[in-house]
Undergrad: 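Supplied in structure tokens, the structure appears directly below.
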Amino acid sequence: MKDTGQSSRHSWLTYALITTVFWGVWGALIEIPEKAGFPATLGYCVWALTMIVPAFFSLRSGQWKLDTDRKAIVSGLTIGLLGSVGQLVLFHVLVTGPAYLVFPIISLSPLLTILMSYFLLKERTSRRSWAGIVLALIAIPLLSYQPPANGFNGYTWIVLSLFVFLAWGAQAYFMKTANTHMTTASIFFYMTLSGIALIPVAIAMTDFRQTINWGLSGPWLATAIQLLNAVGALFLVYAFRYGKAIIVSPMTNAGAPLITIVLSLVLYSTIPHFVIMAGMVLAIVAIFLMAE
């Protein structure tokens with residue numbers, strides 16, 4: 001996975017699709033260890049540690065060259081912390097707020113990425129791709145639909161949901177800009193460092209009064225599943241390096257849930273809600289339009 005210049009500049013679609021597949025499979029399997037008694041907060045800890053694996057191979061492919069100037073460090077840590085802090089905040093949001101409203105809000109984070117890339121990076125694309133982007137932005141919240149449920153408290157969850165929306169939308173933008181002045185391996189190294197640094201926070205958020213599964217179906221299965229997430233994240237950085245953020249962000253965010261839903265249907269015989277099915281159709285058309 002070396003940065004090989006002009007030939008790689010046409011491979012953004014390959015990297016984006018690999019990310020989409022890895023994240024889609026990850027999404028379909030991630031609930032297995034959680035339902036088996038391994039808390040999501042500890043799953044975060046496992047994920048942060050699995051990031052070391054792709055970081056190692058990425059650095060090795062780049063002959064162990066690491067950007068250590070101030071701009072690179074700040075950019076890398078900013079990208080990493082926006083993603084990691086957003087994930088930890090999401091854990092709290094899902095405890096205090098309704099998932100059927102939280103997920104659609106957060107899922108629209110590519111909208112922020114698109115706006116920032118359009119106005120700040122002056123990214124442009126064809127009418128066909130713009131049609132795909134619009135359809136993707138409609139499909140993403142539909143794919144995130146959750147049946148209404150009661151039992152949430154107050155309105156703090158709205159502010160926190162908006163925070164995650166802003167954090168993940170800005171993260172994708174900064175991932176694109178960082179690729180202009182530092183290597184992909186360096187970006188991913190600092191992302192990994194940021195994730196590991198927040199492990200104590202995830203541990204503090206864990207309720208150890210509950211029974212925790214420490215067996216094969218707990219942390220060990222979580223490791224295999226979270227590795228899919230980690231590797232997908234590395235390929236996402238490559239996709240942003242060679243592709244336009246206004247296309248990569250909505251494509252991966254619409255495609256991954258689509259694969260998750262299809263796999264869930266096969267593995268768990270779960271029939272999607274008609275709202276989700278509508279999102280699936282729009283996502284398929286959107287990806288076809290953006291993949292030009």
Side-chain angles (χ1 to χ4, degrees), residues 1-21 23-24 71-72 74-76 78-79 82-83 86 104-144 162 164-184 186-188 191 232-258 279 281-292:
M1 291 180 291
K2 295 182 180 180
D3 299 340
T4 54
Q6 188 63 33
S7 62
S8 292
R9 295 184 185 282
H10 301 289
S11 60
W12 69 268
L13 180 58
T14 300
Y15 294 131
L17 291 177
I18 292 175
T19 295
T20 300
V21 171
W23 281 3
K71 185 177 182 180
V74 171
S75 296
T78 297
I79 295 168
L82 284 172
I105 292 174
I106 294 173
S107 68
L108 283 174
S109 61
L111 175 60
L112 178 61
T113 305
I114 292 169
L115 292 175
M116 295 179 73
S117 300
Y118 183 87
F119 289 106
L120 299 180
L121 298 180
K122 308 301 180 183
E123 287 191 344
R124 300 295 186 267
T125 189
S126 66
R127 291 182 179 179
R128 169 177 166 167
S129 293
W130 274 118
I133 290 170
V134 172
L135 288 179
L137 291 176
I138 298 174
I140 292 171
L142 296 181
L143 292 169
S144 303
L162 289 174
V164 179
F165 162 84
L166 293 173
W168 287 356
Q171 181 198 34
Y173 167 79
F174 287 123
M175 193 177 292
K176 176 61 181 178
T177 58
N179 270 299
T180 62
H181 63 83
M182 57 191 297
T183 65
T184 302
S186 296
I187 295 174
F188 199 78
M191 288 173 60
L234 175 60
F235 280 106
L236 180 66
V237 181
Y238 278 96
F240 274 113
R241 186 174 191 84
Y242 301 117
K244 295 180 179 180
I246 58 175
I247 296 179
V248 173
S249 184
M251 176 180 286
T252 52
N253 279 272
L258 176 63
V281 174
L282 291 178
I284 292 172
V285 176
I287 292 173
F288 172 76
L289 292 174
M290 288 186 287
E292 60 175 355

Undergrad: Looking at Gly86 and Trp168, what are the two nearest heavy atoms and their distance?
TA: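 Gly86 and Trp168 have their closest heavy atoms at CA-NE1, 3.7 Å.
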Undergrad: Any non-hydrogen side-chain atom of Tyr173 less than 4.5 Å from a side-chain atom of Leu112?
TA: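 No, side chains not in contact.
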Undergrad: List the atom of Val237, the atom of Met191, and the distance in Å for their closest heavy-atom pair.
TA: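 It is CG2-SD, 3.9 Å.
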Undergrad: Using atom types as modelled and distance alone, determine if a side-chain donor or acceptor of Thr113 lies under 3.5 Å from a backbone N or O of Gly169.
TA: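 Here the side-chain-to-backbone pair exists.
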Undergrad: For the pair Trp12 (side chain) and Phe240 (backbone), establish whether a donor and an acceptor sit closer than 3.5 Å, ignoring hydrogens and angles.
TA: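 No, because the side chain of Trp12 does not come within donor-acceptor range (under 3.5 Å) of the backbone of Phe240.
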Undergrad: Is there a side chain to side chain contact (heavy atoms under 4.5 Å, CB included) between Leu13 and Met251 once you walk through the steps?
TA: CA-CA 10 Å; Leu13 180 58; Met251 176 180 286; 3.8 Å; yes
Undergrad: Nearest 0.5 Å, please: how far is CZ in Phe235 from CD1 in Ile18?
TA: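 Spacing of CD1 (Ile18) from CZ (Phe235) equals 4.5 Å.
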Undergrad: Measuring from Ile106:CD1 to Leu166:CG, what's the distance to the nearest 0.5 Å?
TA: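 Interatomic distance, Ile106 CD1 to Leu166 CG, rounded to 0.5 Å: 11.0 Å.
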Undergrad: Say whether, by atom type as modelled, one donor and one acceptor occur between the side chain of Lys244 and the main chain of Arg124 under 3.5 angstrom.
TA: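 Yes, because the side chain of Lys244 sits within donor-acceptor range (under 3.5 Å) of the backbone of Arg124.
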Undergrad: Just do the side chain to side chain contact (heavy atoms under 4.5 Å, CB included) check on Tyr238 and Leu234 with the steps written out, would you?
TA: CA-CA 7 Å; Tyr238 278 96; Leu234 175 60; 3.7 Å; yes
Undergrad: Considering non-hydrogen atoms only, spot the tightest contact between Ala170 and Met116 and give its length.
TA: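 Here Ala170 and Met116 meet closest at CA-SD, 4.2 Å.
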Undergrad: For the backbone of Gly243 and the side chain of Lys176, can you confirm whether one donor and one acceptor N or O come within less than 3.5 Å of each other?
TA: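 Yes; judged by distance alone, with no hydrogens or angles, the pair exists.
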Undergrad: So, Ser11 versus Thr14: side-chain donor-acceptor pair below 3.5 Å or not?
TA: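 No, no side-chain donor-acceptor pair sits under 3.5 Å.
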Undergrad: Supply the atom-to-atom distance Ile284 CD1 to Leu289 CG, rounded to the nearest 0.5 angstrom.
TA: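 It is 12.0 Å, given to the nearest 0.5 Å.
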Undergrad: About how many Å separate CD1 of Ile140 and CG of Leu111, when rounded to the nearest 0.5 Å?
TA: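 CD1 of Ile140 is found 9.5 Å from CG of Leu111.
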Undergrad: Kindly give the heavy-atom pair with the smallest separation between Ala286 and Leu135, and that separation in Å.
TA: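 Heavy atoms only, the tightest pair is CB-CB, 3.8 Å.
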Undergrad: Between Pro250 and Met290, which heavy-atom pair has the shortest distance, and what is it?
TA: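 Taking every non-hydrogen atom into account, CG-SD, 4.0 Å.
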Undergrad: Measuring from Leu137:CG to Ile114:CD1, what's the distance to the nearest 0.5 Å?
TA: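 The CD1 atom of Ile114 is 4.5 Å from CG of Leu137, to the nearest 0.5 Å.
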Undergrad: Looking at every non-hydrogen atom in both residues, tell me the closest pair between Met182 and Ala72 and how far apart they are.
TA: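 Minimum heavy-atom separation between Met182 and Ala72: CE-O, 3.4 Å.
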Undergrad: Report the C-alpha distance between Leu108 and Asn253 in whole Å, list the side-chain angles of each, state the deciding distance to 0.1 Å, and finish with yes or no for side chain to side chain contact (heavy atoms under 4.5 Å, CB included).
TA: CA-CA 9 Å; Leu108 283 174; Asn253 279 272; over 6 Å; no
Undergrad: Is there a side-chain contact between Thr177 and Leu120 in this structure, where contact means two heavy atoms from C-beta onward sitting under 4.5 Å apart?
TA: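 Thr177 vs Leu120: side chains apart.
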Undergrad: What distance do Trp130 atom CH2 and Ile247 atom CD1 have between them, rounded to the nearest 0.5 Å?
TA: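 Going from the CH2 atom of Trp130 to the CD1 atom of Ile247 covers 8.5 Å.
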Undergrad: Closer than 3.5 angstrom, by distance alone: can the side chain of Gln171 be matched with the main-chain N or O of Ile79 as a donor-acceptor pair?
TA: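 Yes, the answer is positive, given that a donor and an acceptor are paired below the 3.5 Å cut-off.
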